Amino acid sequence: MVLHIAPNRDAATMISFPRDSMVMVPDCEGRNGAVLPGGLRQINSAFNDGGINCTIKTIESLTNIKINHFVKVDFTGFKGIVDALGGIEICLPKAVNDKEAKFVLGPGKHVVKGEQALGYVRTRYSLGDGSDLGRIERQQIFLTQVMKKVTDGGLLTDPGKLNSFLQAAVQAVTVDEGLGLDRMLEIGRSVSGLTAKELKGITVPVEPYPEDKARVQFAQPAARDFFEAVRNDTDIRTSPAPGKSSAPKIEHEQVRLQVLNGTGEQGKALQVADALAAQGFVVTQVGNAATTGTTTIRYAKKDAQDGPAYGDAVAARLSQDKRTPVQGKVKAATSQPYELKTPPAQAPDGPVIQLVIGKDWPGVRVQSAIPDALKDKVVDSNTNPCK
């Protein structure tokens, strides 16, 4: 499982990789130091044969997502963390008697600790459809309940509670050298504004593996698009300095936008316009401008009062460092009307912002790490825990 925390710390996504996924495992160093040859294998073999380093290398090669830290939790550690939180509430749709998972409990809501908590996330055939995918969904539901317990109890906002919890938790897990207690506290404080509703769980899109229907493979292009969305979640929106009032919030639907291509790359303006229109901006025109190396967001001199706020709404949707809107528009070499697929209910009357795409074009920041096509697969705080 990979946890992706949005750079501006306003969302977190849990990404589960089914252990039966058939993937290309790269050459990597095994537990005994010997090189393990790569090849097509189940993804869990990377950990079983090569340990955590081989697992990280495999995940990075499959997703092109950089893994910054790892936390390895064994059964004893899992029980220790749940106990340190005082137990987690679960809900069972029926009575369960799973001897293999050592999980016996009646229907309804329960607060589980220790062995019972472990049994709940391990049981497979006694709940749901008996598949590993069903168990993954239940594990994600459990972790959203963990997040709810953490945020409702004020753990992230109470330095004393957070420090005490991490002191206990660090004894129950194995982490990389860079993830010491100080770094854990730093991360914990940075996400203190998160609530359970901002945590989303998603399983990598998969489909049956043709050679063995008991296994799965990544479904394309859905998996590739998903990993790209996670990688593109890079823009950091800065907060106004203390004591200064923030600019009025401008919604995307209020912004009229002219998109001009200054890269020399054919069709770039239409491509960018489509991406921004999909996020609600009212694109009015697309066209070309003189070739430029720098992407700029511009407003007319007559709009000096309102232009910066409207330009900032566009700037917030571009990846990488935030760009400051500038006064004065450039002359379009060519331009034509842009046809919106979904016209706004009420036409905006604010200033028209000009986006000039330069050779340093950073890309449009995705609104969510989870593409719309996968929204129905999301597990979050609203998911029914009793199923």
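All residue numbers in this chain count up from 1 along the given sequence. Nothing here was measured: the structure is a model prediction, and the numbers come from that model.
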Inset, instruction - Please report the closest heavy-atom contact between Gly328 and Arg298, naming both atoms and the distance. - result: O-NH1, 2.9 Å
Inset, instruction - Say whether, by atom type as modelled, one donor and one acceptor occur between the side chain of Thr55 and the main chain of Gly51 under 3.5 angstrom. - result: yes
Inset, instruction - Please determine, by modelled atom types, if Gln285 and Gln258 share a side-chain donor-acceptor pair under 3.5 angstrom. - result: yes
Legend entry - Spacing of CD belonging to Gln254 relative to CZ belonging to Arg256, to within rounding of 0.5 Å: 12.0 Å
Legend entry - Evaluation steps, side-chain contact (heavy atoms from CB on, under 4.5 Å), between Asn68 and Leu179: CA-CA 9 Å; Asn68 300 103; Leu179 192 59; over 6 Å; no
Inset, instruction - Taking the side chain as every heavy atom from C-beta outward, state whether Lys359 and Thr292 have any atom pair closer than 4.5 Å. - result: no
Legend entry - Value rounded to 0.5 Å, distance of CD1 in Ile52 from OG1 in Thr174: 9.0 Å
Inset, instruction - Please determine, by modelled atom types, if Glu207 and Gln217 share a side-chain donor-acceptor pair under 3.5 angstrom. - result: yes
Inset, instruction - Assess the side chains of Asp74 and Thr76: does a donor N or O sit below 3.5 Å from an acceptor N or O? - result: no
Inset, instruction - Report the C-alpha distance between Asp306 and Tyr299 in whole Å, list the side-chain angles of each, state the deciding distance to 0.1 Å, and finish with yes or no for side-chain hydrogen bond (donor to acceptor under 3.5 Å, both in side chains). - result: CA-CA 9 Å; Asp306 297 331; Tyr299 55 90; over 6 Å; no
Legend entry - Minimal non-hydrogen separation, Pro325 against Arg323, with atom names: CD-O, 3.5 Å
Inset, instruction - Please find out if less than 6.0 Å separates the ring center of Phe78 from that of Phe142. - result: yes
Inset, instruction - Kindly check if the number of other-residue, nucleotide or ligand heavy atoms within 6.0 Å of NZ (Lys149) is above 12? - result: yes
Inset, instruction - Verify whether one side chain among Tyr310 and Asp303 offers a donor that lies under 3.5 Å from an acceptor in the other. - result: no
Legend entry - Cluster check Leu85, Val112: I/L/V/M/F/W/Y, side chain < 4.5 angstrom: yes
Legend entry - Backbone N/O of Arg224 and side chain of Gln220: donor-acceptor pair under 3.5 Å: yes
Inset, instruction - Taking Glu100 for its side chain and Thr123 for its backbone only, find out whether a donor-acceptor pair lies under 3.5 Å. - result: no
Inset, instruction - Indicate yes or no: at least one non-hydrogen side-chain atom of Leu36 is less than 4.5 angstrom from one of Asp27. - result: no
Legend entry - Pairs involving residues 38-76, ordered by first then second residue, that meet disulfide (SG to SG under 2.5 Å) (sequence neighbours left out): Cys28-Cys54
Legend entry - Ionic contact status for Lys200 with Asp380, cut-off 4.0 Å: yes
Legend entry - Nearest heavy atoms of Lys113 and Asp83, plus distance in Å: CB-OD1, 3.1 Å
Inset, instruction - Taking the side chain as every heavy atom from C-beta outward, state whether Ile81 and Val173 have any atom pair closer than 4.5 Å. - result: yes
Inset, instruction - Return yes if some donor-acceptor pair links the side-chain N/O of Arg189 with the main-chain N/O of Pro159 below 3.5 Å, else return no. - result: no
Inset, instruction - Look at Glu228 together with Arg231 and state whether they make a salt bridge at an N to O cut-off of under 4.0 Å. - result: no
Legend entry - Ile43 vs Ile59 side-chain heavy atoms within contact, under 4.5 Å: yes
Inset, instruction - Answer with yes or no whether the hydrophobic clustering places Phe47 together with Val23; edges join I, L, V, M, F, W, Y residues whose side-chain heavy atoms lie under 4.5 Å apart. - result: no
Legend entry - Phe17 and Phe227 aromatic ring geometry - parallel, tilted or perpendicular at 30°/60° bounds: parallel
Legend entry - In one Ile/Leu/Val/Met/Phe/Trp/Tyr side-chain cluster, 4.5 Å: Met24, Phe218: no
Legend entry - Backbone N/O of His110 and side chain of Glu89: donor-acceptor pair under 3.5 Å: no
Inset, instruction - Start with the C-alpha distance between Thr203 and Val378, add both sets of side-chain angles, then the distance that settles side-chain contact (heavy atoms from CB on, under 4.5 Å), and finish with yes or no. - result: CA-CA 8 Å; Thr203 301; Val378 170; over 6 Å; no
Inset, instruction - Check step by step if side-chain contact (heavy atoms from CB on, under 4.5 Å) holds for Leu270 and Tyr338. - result: CA-CA 8 Å; Leu270 186 59; Tyr338 177 85; 3.7 Å; yes
Inset, instruction - For a side chain to side chain contact (heavy atoms under 4.5 Å, CB included) with Trp361, tell me which candidate from Thr295, Asn261, Val356 qualifies. - result: Thr295
Legend entry - Beyond-backbone contact of Val2 with Phe70, side-chain heavy atoms, under 4.5 angstrom: no
Legend entry - Main-chain N/O of Val352 paired to Lys329 side chain as donor or acceptor, under 3.5 Å: yes
Legend entry - Separation of Thr263 OG1 from Asp360 CG (nearest 0.5 Å): 10.5 Å
Legend entry - Nearest-0.5 Å distance that lies between atom SG in Cys386 and atom CD1 in Ile141: 9.5 Å
Inset, instruction - Check whether any side-chain heavy atom of Leu355 lies under 4.5 Å from a side-chain heavy atom of Leu257, and answer yes or no. - result: yes
Legend entry - Gln279 side-chain N/O to Leu276 backbone N/O, donor-acceptor pair under 3.5 Å: no
Legend entry - Closest non-hydrogen atom pair between Thr144 and Met14, with its separation: CG2-CE, 4.2 Å
Legend entry - Connected via hydrophobic side-chain network under 4.5 Å: Val259 and Phe281: yes
Legend entry - Partner residues of Asn44 under the side chain to side chain contact (heavy atoms under 4.5 Å, CB included) criterion, sequence neighbours left out: Arg19, Gln42, Asn48
Inset, instruction - Test Arg183 against Glu186 for salt bridge (Lys or Arg N to Asp or Glu O under 4.0 Å), laying out the working first. - result: CA-CA 5 Å; Arg183 177 61 174 152; Glu186 179 186 351; 3.2 Å; yes
Inset, instruction - Quick one: pull up CG in Leu199 and OG1 in Thr13 and give me the separation to the nearest 0.5 Å. - result: 8.0 Å
Inset, instruction - Answer yes or no: does atom CD of Glu339 have more than 12 heavy-atom neighbours from other residues, nucleotides or ligands under 6.0 Å? - result: no
Inset, instruction - Taking the side chain as every heavy atom from C-beta outward, state whether Ile187 and Ile5 have any pair of such atoms under 4.5 Å apart. - result: yes
Inset, instruction - Would you kindly say whether Ser16 and Gln140 are connected by a side-chain donor-acceptor distance under 3.5 Å? - result: yes
Inset, instruction - Heavy atoms only: give me the nearest Val286-Ala273 pair and the separation to one decimal. - result: CG1-CB, 3.5 Å
Inset, instruction - Please answer whether the main-chain N or O of Arg122 pairs with a side-chain N or O of Arg135 as donor and acceptor at a distance below 3.5 Å. - result: yes
Inset, instruction - In plain terms, say whether Asp312 and Arg317 are close enough for a salt bridge, that is, a side-chain N and a carboxylate O under 4.0 Å apart. - result: no
Legend entry - Chi angles and distances behind the side-chain contact (heavy atoms from CB on, under 4.5 Å) call for Val314, Val255: CA-CA 8 Å; Val314 179; Val255 182; 4.0 Å; yes
Legend entry - Contact check, side chains of Ile297 and Leu318, non-hydrogen atoms, under 4.5 Å: yes
Inset, instruction - Kindly give the heavy-atom pair with the smallest separation between Pro18 and Val206, and that separation in Å. - result: CG-CG1, 4.1 Å
Inset, instruction - State whether a side-chain donor-acceptor pair under 3.5 Å links Asn288 with Thr334. - result: yes
Inset, instruction - Tell me whether Val150 is reachable from Val111 by hopping between hydrophobic residues (I, L, V, M, F, W, Y) whose side-chain heavy atoms are closer than 4.5 Å. - result: no
Legend entry - Ser164 side chain to Gly160 backbone, donor-acceptor under 3.5 Å: yes
Inset, instruction - Rounded to the nearest 0.5 Å, what's the gap from CD1 on Ile202 to CD1 on Ile15? Could you check? - result: 9.0 Å
